[in-house]
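Comments concern the structure below.
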Amino acid sequence: MEVDVKVWALLLMDFKATLGQLKQVKPANFKGVGTPILVLAALAMIVLPMPAFLLDILFSFNIALALVVLLVAIYSDRPLDFAAFPTVLLVATLLRLALNVASTRIVLLEGHNGGDAAGKVIEAFGSVVIGGNYAVGLVVFLILIIINFAVVTKGAGRISEVSARFTLDAMPGKQMAIDADLNAGVLNQDQARLRRAEVTKEADFYGAMDGASKFVKGDAIAGIMILVINILGGFVIGMVQHGLSFSSAVEIYTLLTIGDGLVAQIPGLLLSIAAALMVTRQNESGDMGQMVMSQMFDSPKSLSIAAAVLLIMGIVPGMPHFAFLSFGLITAAGAYYIKRKKEIGRQRALEAAANSPVTTEDAKPKELSWDDVQHVDTIGLEVGYRLIPLVDKGQGGELLGRIKGVRKKLSQELGFLVPAVHIRDNLDLSPNSYRISLMGVASGEAEIRHDCELAINPGQVYGKLDGIETTDPAFGLEAVWIAPEMREHAQTLGYTVVDASTVVATHLSQLLTNNASKLLGYEEVQQLMDMLEKHSPKLVAGFIPDVMSLGTVVKVMQNLLNEGVSIRDLKTIVQTLLEYGPKSNDTEVLTAAVRIALKRMIVQEISGPELEIPVITLAPELEQMLHQSMQATGGEGPNIEPSLAERMQKSLLEASQRQEMVGQPAILLTSGMLRSTLSRFVKHTIPSLRVISYQEVPDEKQIRIVSAVGQSQ
């Protein structure tokens, strides 16, 4: 014992000297050294003998650590808020096993000297907790092992395994859902990046929990083996080396071993419970206690039935009347309290509604004025009465926020402020329908289910879903309306799953993108000119109306938007119009000139930063024939036979689809004379096909012809 004290005294002296050398180091440099020190201390406990007082301190620290971990697991809002739990579980398990080795050494070496030879903590658990009866202690220890190993650890391990598998399987679907929200304008790039990082973090956490549960299981098995080894080893050492009688050896070493096992197993059980709590919680933000209370005791019906059962059992002859009747009355009182609380809440809500000021119309009708003339909304959204929860924030509706995100995203992409969306209910629509109108004209209508989610088939899925088959209103893809709880299952099959608000927002975004030119008017262009004047006053001064009229500028910008070209680079557009305005007032000519000036931006938006552009061209003889037809009509457009137009449209559609299949953009390259006409020709039939002229190819880009339409085979 004196040798052990001397060894640890020398170690403490060395540690004190090391601390003296580290005083000059900044405190920030000590961050993150706690876990390595704990691991090294655990290894030291395995190798070096320990005095009893130090063993008491470390056992107390082990119990405190387990309690802290359990409480952190309970009060974490989400499992991911305690993402370090698998690492903490591993370190705590290693610490406990190291303590088992150290305590086994001191029990076998010093156990013959009495119950406190291995420390006060082990003595307390061996005598006070189990009353000094080693038979009772053995039974209690085995019960703790069974609870920990067969119930808590086994169930938590199974949940961890299933959660890890389903989380990993659902990752592709969750990533696609984030991409869908990003495209719909619900998320920006930074938010999408955080969502993707959270999905990855969730998969890593549940994968680590699957492995960490094996540590807990192994720790429970190790506890049983250490118990048997300590008892058998104590018999041999006590009887052979120290000359103890059989009964004395059994009493001393069994009590010490059981006390040692209880000291280790109680923290182990606490950590097992913490692990089970972490893996059984849903990944939703909220205090666990509040969530359990609100969900279990929200309705008084369950408490009322439980109270009735308890009261009936309490009056049955032979039953413990006091226990059952008292708990029955307490449960009935709780049910009455919850019911009364709900009634008071409803009564206060009715009183507040009755006391709210109500405006009454004058008996005498007012004279009509210009304010009574209703103008059409630039963008309107009408919903059926069952879809009102989507736009009501009080009922958790998210559609207003999604629409705001769509407007922000499109405004940044198109280059002007997209007008506000006027939302109202329409009883003439079917309950689950909505209608999107532009300038008072219905442009899109669909029927959705606000209490379901839409699983969209992106082109390749690995199974079918039970639900209501439909089509995606934005892109016409095959889809299925499913229950919200089937979301993760659908994502594992390859479906892209979005909620009803995202469906409406995506449909609105698609319609606004396709009709952007209708949203830009005189007021919006004047606002753009005023903004440009603040930064480039010399450029704007004298431009309108000296060089050209505001109407001409509006028409040119509408032409650009109609052809899918953003007007963000307003400075280049005005510079080009200043240059060509004195030469021509033809908006088609001016549009072509602006497109050539914006050619780098146009090509980059279509094909990205690649140096090589894959293009579809017209056969020389077909292009020559179209040129001659244009000249014959005086530039009003080629006079094409219906059969030839149909064959051209079919060939262009097939070439465009081939490009989409290989993941490349569909670009039709033609002459400047034909570009505008062909762009209008394919706009509605082949919206994915972009038409550019030879003059719009940047000098640093190379073209690669992938298909020639009209070429003889």
Side-chain angles (χ1 to χ4, degrees), residues 180-189 191 369-429 433-446 448 450 473-474 498-532 534 550 553-554 557-558 560-562 564-568 570:
D181 288 344
L182 179 62
N183 294 332
V186 180
L187 303 175
N188 55 33
Q189 290 290 346
Q191 291 172 331
S369 66
W370 283 105
D371 295 333
D372 295 313
V373 179
Q374 296 292 332
H375 296 280
V376 297
D377 298 314
T378 305
I379 307 172
L381 174 62
E382 301 173 353
V383 297
Y385 69 86
R386 286 186 183 172
L387 302 185
I388 292 177
L390 293 179
V391 297
D392 185 3
K393 290 185 178 181
Q395 301 183 47
E398 300 179 351
L399 185 55
L400 296 178
R402 303 286 172 87
I403 291 176
K404 183 179 180 181
V406 167
R407 290 184 60 216
K408 182 177 180 181
K409 175 175 177 289
L410 291 180
S411 298
Q412 294 172 346
E413 291 179 352
L414 299 176
F416 69 95
L417 180 63
V418 175
V421 181
H422 181 228
I423 305 174
R424 62 186 181 89
D425 60 324
N426 187 350
L427 297 179
D428 294 333
L429 291 174
S433 295
Y434 68 89
R435 178 186 297 157
I436 301 172
S437 58
L438 300 177
M439 306 300 178
V441 179
S443 301
E445 186 173 346
I448 61 173
H450 74 281
V498 295
D499 57 20
S501 297
T502 304
V503 173
V504 180
T506 305
H507 192 190
L508 177 65
S509 175
Q510 186 69 12
L511 287 176
L512 296 182
T513 302
N514 294 338
N515 298 275
S517 60
K518 299 178 182 177
L519 306 177
L520 185 73
Y522 283 73
E523 189 68 26
E524 288 76 16
V525 174
Q526 186 60 56
Q527 291 283 350
L528 292 175
M529 292 296 110
D530 294 341
M531 290 177 57
L532 183 61
K534 296 178 182 178
L550 181 62
V553 179
V554 171
M557 291 188 176
Q558 287 178 342
L560 292 173
L561 292 172
N562 195 43
V565 180
S566 170
I567 59 173
R568 294 196 308 268
L570 188 61

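Only heavy atoms go into these numbers, but all of them, side chains included; no hydrogens, no water, no symmetry mates.
With a 4.5 Å cut-off on side-chain heavy atoms, L570 and M529 count as touching. No side-chain heavy atom of H422 sits under 4.5 Å from any side-chain heavy atom of I379. Side-chain contact check for M557 versus F416: every heavy-atom pair is 4.5 Å or farther apart. Contact of the V406 side chain with the R402 side chain is not registered, since no non-hydrogen atoms from C-beta on lie closer than 4.5 Å. Contact annotation: the side chain of L512 never approaches that of L414 to less than 4.5 Å [non-hydrogen atoms, C-beta and beyond]. Between V391 and I403 there is no side-chain heavy-atom pair separated by less than 4.5 Å. Using a 4.5 Å cut-off on side-chain heavy atoms (C-beta onward), V504 and L387 make no contact.
Interatomic distance, R386 CZ to L429 CG, rounded to the nearest 0.5 Å: 13.5 Å. With rounding to the nearest 0.5 Å, the separation of CG in D425 from OH in Y385 is 12.0 Å. Residue Q510 holds its CD atom at 12.5 Å from OG of S443, rounded to the nearest 0.5 Å. In this structure, CG in L399 is found 11.5 Å from CG in D392, a value given to the nearest 0.5 Å. In this structure, the separation between CD1 on I567 and CG on L560 is 7.5 Å, given to the nearest 0.5 Å. Atoms CD and CD1, from E382 and I436 in turn, are 10.5 Å apart once rounded to the nearest 0.5 Å.
A donor-acceptor pair is defined here as one N or O able to donate and one able to accept, closer than 3.5 Å; such a pair exists between the side chain of S566 and the backbone of E413. Remark: the backbone N or O of A442 is not paired with any side-chain donor or acceptor of S437 at under 3.5 angstrom. Between the Q412 side chain and the K409 main chain, no donor and acceptor come within less than 3.5 Å of each other.
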Run the side chain to side chain donor-acceptor pair (under 3.5 Å) check on N562 and Q558 step by step: do they pass?
-> CA-CA 6 Å; N562 195 43; Q558 287 178 342; over 6 Å; no
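In terms of heavy atoms, H450 sits closest to A500 at CA-CB, 3.8 Å. Counting all heavy atoms, side chain and backbone alike, L390 lies closest to S501 at CD2-OG, 3.6 Å. What you find for G380 and V421 is that their closest heavy atoms are C-CG1, 4.5 Å. Heavy atoms only, all atoms of each residue included: Y434 and E445 are closest at O-CG, 3.2 Å.
Around CE of M531, the count of heavy atoms belonging to other residues, nucleotides or ligands within 6.0 Å does not exceed 12.
For the pairing with L561, the side chain to side chain contact (heavy atoms under 4.5 Å, CB included) check across T513, L519, L520, N515 returns one residue only, L520.
Classification of D428 and R435 as a salt-bridged pair fails, no side-chain N sitting under 4.0 Å from a carboxylate O.
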